[in-house]
Amino acid sequence: MPELPEVETIVRDLARLLPGRTIKGVEVLRPDLIEGDTPDGFAGKLRGRKIRSVVRRAKNIVMDLGGDRLLVNLGMTGRLLVARTGDEDATHLGARLALDRGRELRYHDVRRFGRLWTLTDGAWTAWDGELGVEPLSDDFTVDWLRGAAARSRVAVKTWLMDQARVVGVGNIYASEGLFRAGVDPRRPADTLSEAELARVRDGVRQVLAEAIEHRGTTFLDYRDARGEEGAFAARLKVYDREGQPCDVCGGTVQRLVQGGRSTFFCPSCQH
DNA sequence: AACGCGCCCTGTCCGC
DNA sequence: TGCGGACAGGGCGCGT
C-alpha cells in the first residue's frame, strides 16, 4: 500500500473534506474488512457521529469522532474515496459511509488486506504507544537511531520497515531512502556508523517529504481521496528499476529479496 | 525476545 | 490460447 506519503496525501485531502460531516449510515459489504467487530456493531458505533478531525498515525488514517476514533489501514490495495452520493462504483467496494450534504466515504480494496476499526480513547492510547517513531517528527534523531539500531542485527532495509521501530516506511521508500543515504540495504543495522545513520535519517526524511509534495507514488493501485494517481513514481531512483542505469553513477540497478520483499539498490553507490 | 517465514487475497504479467 | 508461477505500497501470527 500506501506508505507514509500516500496516506499523508489522503489524510490532507480528507482533512479538508470531512470535519463537520455527520455519518448518517453505514453499509458493510465485506465483513472481513472490519477488525474486531460485527458489521452491525461497527455500524452502531459510527452512525450519528460527527467527524471532528482526520490525522495520520504511521500508515493509518485516524478520524476523531469525539471520544471514539475510526481507523483505516489500506493494506496493499485499499482506497478511501470521498464521492457524491449516487456516484456509483461498486468495484471491490468493501464499505460505505453515507454522510450529510450529499457525500459518502467509500472504501474499496481488491485484495482485502486493509482493515477498518474503532478504538475508544483508552484503546487508542495503548495502540498508539505500540507504534514506533514518526520519521518526519523531531523525535527521529541520529541519537535515537544509534540507540535503536545498536540492538539489532537485522538488515537495515528490513529494520526500517518494522512499524514497531520506525513507522510509515514501506517497501518503496526503504529502498529509496537507503539509495539516497548511500547505504547497502543488506548491512546489519548495528554495523552502521554515526555518519551513515545520519545519512539514513536524512535520506528517509527527504524522500518522504518529496513524495508528499508529489502526492505519493502510484505503482499499481494507489489513488488519493479523489481517485487521482500520485506523481512520484517518475522520480523513483531504484524501486522497480532493476537492470536500468543508476541516475547517479550509470551503473546497473539490482534487485534482491529480503524478508520475502523485493529490494532495489545500486551496488556501486551503496556500501 | 528477536527474527524469519508463511499466509491472508485478487489480479496481472511472463515464460513455456 | 492456456496454464502455472512469481509478484504486487502491509501486517499478523506462528515457530524457533
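First the proteins, then the strands, lettered A, B, ... as listed; each starts at 1.
- Listed nucleotides B:dT10, C:dA8, C:dG10 differ in distance to A:Lys59; the shortest reach to its side chain belongs to C:dG10.
- Salt bridge A:Glu104/A:Arg106: present, at least one basic N to carboxylate O contact under 4.0 Å.
- Taking the charged nitrogens against the carboxylate oxygens, A:Arg199 and A:Asp202 have no contact shorter than 4.0 Å, which rules out a salt bridge.
- Taking a cutoff of 4.0 Å between a charged side-chain nitrogen and a carboxylate oxygen, A:Arg112 and A:Asp109 do not qualify as a salt bridge.
- Distance, A:Glu242 CD to C:dA6 P: 16 Å, rounded to whole Å.
- Between B:dT10, C:dG10, C:dA8, one nucleotide has an atom nearer to the side chain of A:His92 than all others, and that is B:dT10.
- For A:Asp184 and A:Arg186, the salt-bridge test passes: some basic side-chain N is under 4.0 Å from an acidic carboxylate O.
- Of the possible polar contacts, none joining the A:Glu27 side chain to the A:Gly25 backbone as a donor-acceptor pair under 3.5 Å is found.
- For A:Arg112 and B:dC8, the shortest distance from a side-chain N or O to OP1 or OP2 is not below 4.0 Å.
- Rounded to whole Å, the P atom of C:dG11 lies 24 Å from the corresponding atom of B:dT12.
- Remark: A:Asp13 engages A:Arg215 in a salt bridge, criterion side-chain N to carboxylate O under 4.0 Å.
- Taking a 6.0 Å sphere around CZ of A:Arg47, one finds it holds more than 12 heavy atoms contributed by other residues, nucleotides or ligands.
- Across C:dG10, B:dG4, C:dC7, the shortest atom-to-atom separation from the side chain of A:Ser262 is found for C:dC7.
- C:dG10 has its base stacked against the ring of A:Phe113, the centroids being under 5.5 angstrom apart at an interplanar angle below 30°.
- Below the 3.5 angstrom threshold, one finds a donor paired with an acceptor across the side chain of A:Arg111 and the base of B:dC9.
- Consecutive pairing runs in DNA chain B reach the stem threshold at B:2-8 with C:10-16, B:10-16 with C:2-8, where a stem means at least three Watson-Crick or G-U wobble pairs with distances under 3.5 Å.
- Counting to the nearest Å, the C1' atom of C:dC7 and the CG atom of A:Asn171 are 11 Å from each other.
- Separation of the P atoms belonging to C:dA6 and B:dC5 is 16 Å when rounded to the nearest angstrom.
- Salt bridge absent: A:Lys24 and A:Asp100 never bring a charged side-chain N and a carboxylate O closer than 4.0 Å.
- Among the heavy atoms of the strands lying under 4.0 Å from A:Gly170 are primed sugar atoms or P, OP1, OP2 only; no base atom is included.
- Nucleic acid contact for A:Arg30: none, since no nucleic acid atom lies under 4.0 Å from a heavy atom of the residue.
- Residue contacts shown for A:Arg115 are absent, as no nucleic acid heavy atom lies under 4.0 Å away.
- Nucleotides B:dC9 and C:dC3, compared at atom P, are 24 Å apart to the nearest Å.
- A:Thr158 comes within 4.0 angstrom of nothing in the nucleic acid, heavy atoms only.
- Note on A:Asp221: a base of the nucleic acid sits closer than 4.0 angstrom, heavy atoms only.
- Across all strands, A:Arg223 comes closer than 4.0 Å to no nucleic acid atom at all (heavy-atom distances).
- Between A:Thr77 and B:dG11 there is no side-chain polar atom (N or O) within less than 4.0 angstrom of OP1 or OP2.
- Put simply, A:Arg151 has no side-chain N or O that comes within less than 4.0 Å of OP1 or OP2 on B:dA1.
- A:Asn60 has its CG atom 9 Å from the P atom of C:dC12, to the nearest Å.
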